[in-house]
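Worksheet: one structure, shown below.
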2 protein chains.
Amino acid sequence: MQPTSPLPPLRLSAPGPSGRVDAAVTLSTVARLVASGAAVSKADLVAAAGLARTTVSTAVDELLARGVLRPDGARPTTGRGRPADRLAMSGRGGHVLLADVGARGAHLAVVDLSQRVLAHEHIDVDVQDGPDAVLDAIEVGLIALRGRAAHTGDPAVRAVVIGLPGPVDGNLGIPVRPPIMPGWHAYPVSARLQRTFDCPAVLENDVNLRALGEARALPADQAPLLFVKVGTGIGGGLVSREGVLHHGADGAAGDIGHVRVRGGPDVACACGNVGCIEAVASARAIARRLTIPPHGGGRPTINDLRALISRGDPEALGVVREAAGLIGELVATLVHFYNPARVTLGGSLTAASDELLAGVRSVVYQRALPLATRNLVLTNSVLGEYAGLAGAAVLGIERVLSPPGMDALTAPRP
Amino acid sequence: MQPTSPLPPLRLSAPGPSGRVDAAVTLSTVARLVASGAAVSKADLVAAAGLARTTVSTAVDELLARGVLRPDGARPTTGRGRPADRLAMSGRGGHVLLADVGARGAHLAVVDLSQRVLAHEHIDVDVQDGPDAVLDAIEVGLIALRGRAAHTGDPAVRAVVIGLPGPVDGNLGIPVRPPIMPGWHAYPVSARLQRTFDCPAVLENDVNLRALGEARALPADQAPLLFVKVGTGIGGGLVSREGVLHHGADGAAGDIGHVRVRGGPDVACACGNVGCIEAVASARAIARRLTIPPHGGGRPTINDLRALISRGDPEALGVVREAAGLIGELVATLVHFYNPARVTLGGSLTAASDELLAGVRSVVYQRALPLATRNLVLTNSVLGEYAGLAGAAVLGIERVLSPPGMDALTAPRP
DNA sequence: TATTTTTCCGTCGATATCGGACCGTGATGC
DNA sequence: GCATCACGGTCCGATATCGACGGAAAAATA
């Protein structure tokens with residue numbers, strides 16, 4: 001047989017970053033290990049980073065000189081041998097501002113590079129008011145928070161992270177046709193925050209932030225992780241096995257609110273289609289289906305629904321169970337497809353009761369094949385309403401301690 | 001407000017591989033660029049690898065000395081300046097054996113490190129006969145193929161890659177409870193092949209191989225890619241934006257044959273559940289639903305179905321259209337969720353006609369949001385029945401040219 | 001108390017890579 | 001013939017990392 005060649009040229013991937021490893025990468029690695037609490041001494045760093053003692057030593061010296069790290073006086077003995085010289089983030093490394101914006105409110109926070117929350121608060125904003133009003137309020141809130149946090153010296157703001165409830169283009173730093181955020185399309189969110197605070201700004205989808213926060217608060221073997229938020233809308237976030245967010249081709253990955261599910265009624269959805277899961281199983285959709293008139297009259301709200309659930313109202317529990325079944329069908333499909341190590345449910349409906357979790361579990365474990373569910377952990381969010389801030393903190397601190405970001409830390413303020 | 005701290009410790013990821021870049025990584029990078037055809041001269045390598053000229057020069061010298069690369073006599077001028085000294089894989093680098101096993105047959109091939117197919121054939125095997133019989137036949141076939149291919153000298157076999165139609169654990173090299181492969185569970189496939197051919201063996205799922213083959217035959221910007229195979233069964237494969245296969249937590253990712261779809265009948269499936277898409281929309285399921293008695297009597301087979309389709313039989317086209325609608329619903333869901341740059345359909349049903357593609361497209365573009373479909377390319381497989389071999393070639397060549405694999409190339413056979 | 005063990009950490013020379021400088025080579029165009 | 005362009009070889013200084021050695025601090029042991 002003469003070589004007929006049925007194959008076209010195939011791309012081969014590189015085995016990894018080749019070329020010289022920049023010293024900045026080593027610095028970043030060491031700084032992140034200290035910032036994440038994974039290492040508090042040089043010996044820890046050697047083990048965690050897989051670097052030689054000398055390399056770690058050089059990097060730590062450099063970071064001490066730059067004021068990123070500081071020696072931590074405490075030297076608790078471990079029982080045997082010379083106790084380690086403990087290291088910590090210096091506190092002079094600067095602050096990171098966080099804003100996790102939901103449909104009706106925003107969590108704001110100031111954290112330092114060692115993940116300490118220096119101040120946080122919740123403010124009332126409505127994304128329907130448009131980007132100018134909302135970002136005004138957020139900027140004012142963050143500046144105030146920072147004022148309260150910066151009692152020791154005046155550490156600079158090194159990064160701002162904002163999460164918005166809609167699709168975003170993280171590279172351009174703009175929302176992309178967000179359904180529930182009129183007027184936000186292509187508004188230069190990142191550019192504005194970058195100008196205001198004179199530092200890098202990171203824009204991310206709110207559910208992605210929660211997914212990332214959950215994933216990084218859990219052991220690394222709990223990835224890949226799928227986060228499903230059931231609140232006013234329904235959304236998803238994916239964290240890969242390596243612990244990084246999956247954005248897809250257009251940054252639209254995880255946008256599962258408008259998939260159609262088996263057995264759902266053909267309710268019209270705001271997106272123009274019918275039968276979207278968001279239109280039949282979101283908290284808003286469930287509240288609408290209640291026949292019980294709410295306390296104050298008018299249409300039942302999500303808060304009414306939560307009140308009824310916590311009181312154990314049979315009709316409310318019934319509709320939630322029904323919605324849970326529909327969501328469970330979807331989750332079962334996604335578990336088959338993506339085979340995550342963990343599925344985490346979040347959002348207002350999960351906080352109210354365990355009905356949703358129970359319903360989803362029931363369907364998933366019945367429908368999905370054992371191979372995909374054998375090791376699957378399916379739980380409610382462990383961070384609750386703070387999952388978004390946690391994800392934002394991860395993105396912000398990693399941004400500051402990334403190789404290019406480290407350069408800004410060369411000359412710390414006096 | 002005093003620092004209440006609602007956040008638990010969060011893991012920060014490393015910025016990248018730190019530590020010393022091994023010389024073997026540089027060698028691997030250079031070798032892969034030549035093997036993939038991305039670079040044919042040192043100047044190309046400098047641009048493609050991002051390495052210094054001196055580093056590339058050193059690496060190429062080393063690879064020439066080891067006999068991995070050879071100078072290619074041809075020096076076609078580009079019109080201006082000195083023409084490059086062209087490089088090519090030496091041919092003494094060894095061979096890679098490939099086996100893409102389907103339910104009823106296997107494609108076998110021998111390729112060299114420059115992706116040339118030296119010999120290939122299709123053999124009839126039935127995985128139902130169990131691993132011993134099937135692997136016997138494959139080994140015999142591969143040895144025969146290799147005999148025909150090895151007319152020039154006697155290049156060693158450097159790797160064997162096998163794809164099987166079921167879930168596998170690539171690390172352990174064993175199938176994991178494959179539904180259509182009785183007797184294969186936990187059979188040490190990789191270990192056996194490794195012993196037979198005295199070289200590394202790679203085991204992968206067959207649909208994953210096709211997905212990888214498609215992805216690597218297309219430009220890099222066509223990732224992430226979702227491959228959907230519709231044949232005897234229904235399966236999926238995911239390639240990430242970086243061009244690597246997504247396996248999920250248990251290696252079960254892409255196993256979408258047993259998800260339930262909207263509007264499908266409650267047909268019993270071999271997996272024990274009802275309404276699985278594989279039970280209602282696979283080629284086998286469609287053939288069963290034909291009322292036309294087949295040529296030779298008995299139950300209609302997949303081949304009967306394909307014959308009817310190519311003849312334009314209205315009933316056959318009708319059931320295919322119907323199945324395409326169900327598959328389209330699923331693909332629409334997955335497109336929302338994963339947001340791939342490309343969806344590729346493969347398998348026997350797509351090869352027969354364009355009905356399936358048309359039906360899937362129709363539903364996906366109607367159901368999925370524009371944000372996720374705006375840039376989506378949804379086509380039939382470009383490699384057809386050879387997609388699996390292409391993916392296997394990628395895995396095999398990358399294995400041979402990986403840093404540990406390079407060591408075996410130090411002392412080429414005389 | 002003196003010694004050993006254990007663990008942590010700093011210093012030094014060795015190694016490998018990087019990137020720039022300089023120059024030679026082989027083609028084209030004037 | 002000469003200039004130009006692009007490819008490529010060689011040398012060298014800079015630098016990141018490593019391994020080996022030895023010192024320092026605490027606990028265990030004699």
Side-chain angles (χ1 to χ4, degrees), chain A residues 14-31 33-34 39-66 69-88 403 406-407 410, chain B residues 14-30 33-34 39-65 69-88 403 406:
Chain A
S18 62
R20 175 174 231 147
V21 170
D22 202 316
V25 175
T26 301
L27 290 184
S28 176
T29 302
V30 169
L33 285 170
V34 175
V40 294
S41 70
K42 293 184 186 173
D44 289 348
L45 286 167
V46 168
L51 296 170
R53 283 189 296 279
T54 52
T55 309
V56 168
S57 217
T58 310
V60 168
D61 288 348
E62 176 68 25
L63 290 171
L64 287 171
R66 290 194 189 184
L69 298 183
R70 65 177 169 81
D72 187 345
R75 284 209 303 189
T77 170
T78 54
R80 282 218 303 265
R82 170 179 169 177
D85 297 354
R86 291 169 66 88
L87 297 166
M406 298 291 293
D407 295 344
T410 308
Chain B
S18 63
R20 175 174 230 147
V21 170
D22 202 315
V25 175
T26 301
L27 289 183
S28 174
T29 302
V30 170
L33 286 170
V34 175
V40 293
S41 71
K42 292 183 187 174
D44 290 347
L45 286 167
V46 169
L51 296 171
R53 282 189 297 279
T54 54
T55 310
V56 168
S57 218
T58 310
V60 168
D61 289 347
E62 177 68 24
L63 291 171
L64 287 171
L69 298 182
R70 65 177 169 80
D72 187 345
R75 285 209 301 192
T77 170
T78 53
R80 283 218 302 265
R82 170 181 172 179
D85 298 353
R86 290 169 65 88
L87 297 167
M406 299 291 292

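Here is how names work: the chains are called A, B, and so on, in the same order as the sequence lines, proteins then strands, and each is numbered from 1. Since this is a predicted model, take the numbers as computed values, not measurements.
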When the distance from [atom1] of [X] to [atom2] of [N] is rounded to whole Å, what number comes out?
X: B:Leu45; N: D:dG8; atom1: CG; atom2: P; value: 9 Å
X: B:Leu87; N: D:dG8; atom1: CG; atom2: P; value: 8 Å
X: A:Asp61; N: D:dA16; atom1: CG; atom2: C1'; value: 15 Å
X: B:Leu64; N: D:dG8; atom1: CG; atom2: P; value: 12 Å
X: B:Asp85; N: D:dG9; atom1: CG; atom2: P; value: 7 Å
X: A:Arg86; N: C:dC8; atom1: CZ; atom2: C1'; value: 14 Å
X: B:Leu27; N: C:dA16; atom1: CG; atom2: C1'; value: 12 Å

Name the residue closer to the 5' end of DNA chain D, choosing between B:Lys42 and A:Ala52 according to the nucleotide with the nearest heavy atom.
B:Lys42
Considering only [options], which nucleotide approaches the side chain of [X] most closely?
X: B:Ala84; options: D:dC18, C:dC9, D:dC7; result: D:dC7
X: A:Ala43; options: C:dC8, C:dG19, D:dC18; result: C:dC8
X: B:Thr54; options: C:dG20, D:dT17, D:dC21; result: C:dG20
X: A:Thr26; options: C:dC9, C:dA21, D:dT17; result: D:dT17

In a table with atom names and distances, give each donor-acceptor pair under 3.5 Å that connects a side chain of residues 45-52 of chain A to protein atoms at least two apart or in another chain.
none

Kindly compute the distance separating CZ (A:Arg86) from NZ (A:Lys42), expressed to the nearest 0.5 Å.
14.5 Å
When you match A:Asp44 and B:Arg53 each to their closest nucleotide on DNA chain C, which lands nearer the 5' end?
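Comparing both residues, the 5'-ward one is A:Asp44.
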Using a 6.0 Å cut-off, check whether atom CZ of B:Arg53 has over 12 heavy atoms from anything other than its own residue.
no
Please lay out, stage by stage, how B:Glu62 and B:Leu27 fare under the test side chain to side chain contact (heavy atoms under 4.5 Å, CB included).
CA-CA 8 Å; B:Glu62 177 68 24; B:Leu27 289 183; 3.9 Å; yes
Quick check: do B:Asp44 and B:Leu33 have side-chain heavy atoms less than 4.5 Å from each other?
no
Quick one: is A:Ser57 getting a side-chain N or O under 4.0 Å of the C:dC9 phosphate, OP1 or OP2?
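For C:dC9, OP1/OP2 do not have a side-chain N/O of A:Ser57 under 4.0 Å.
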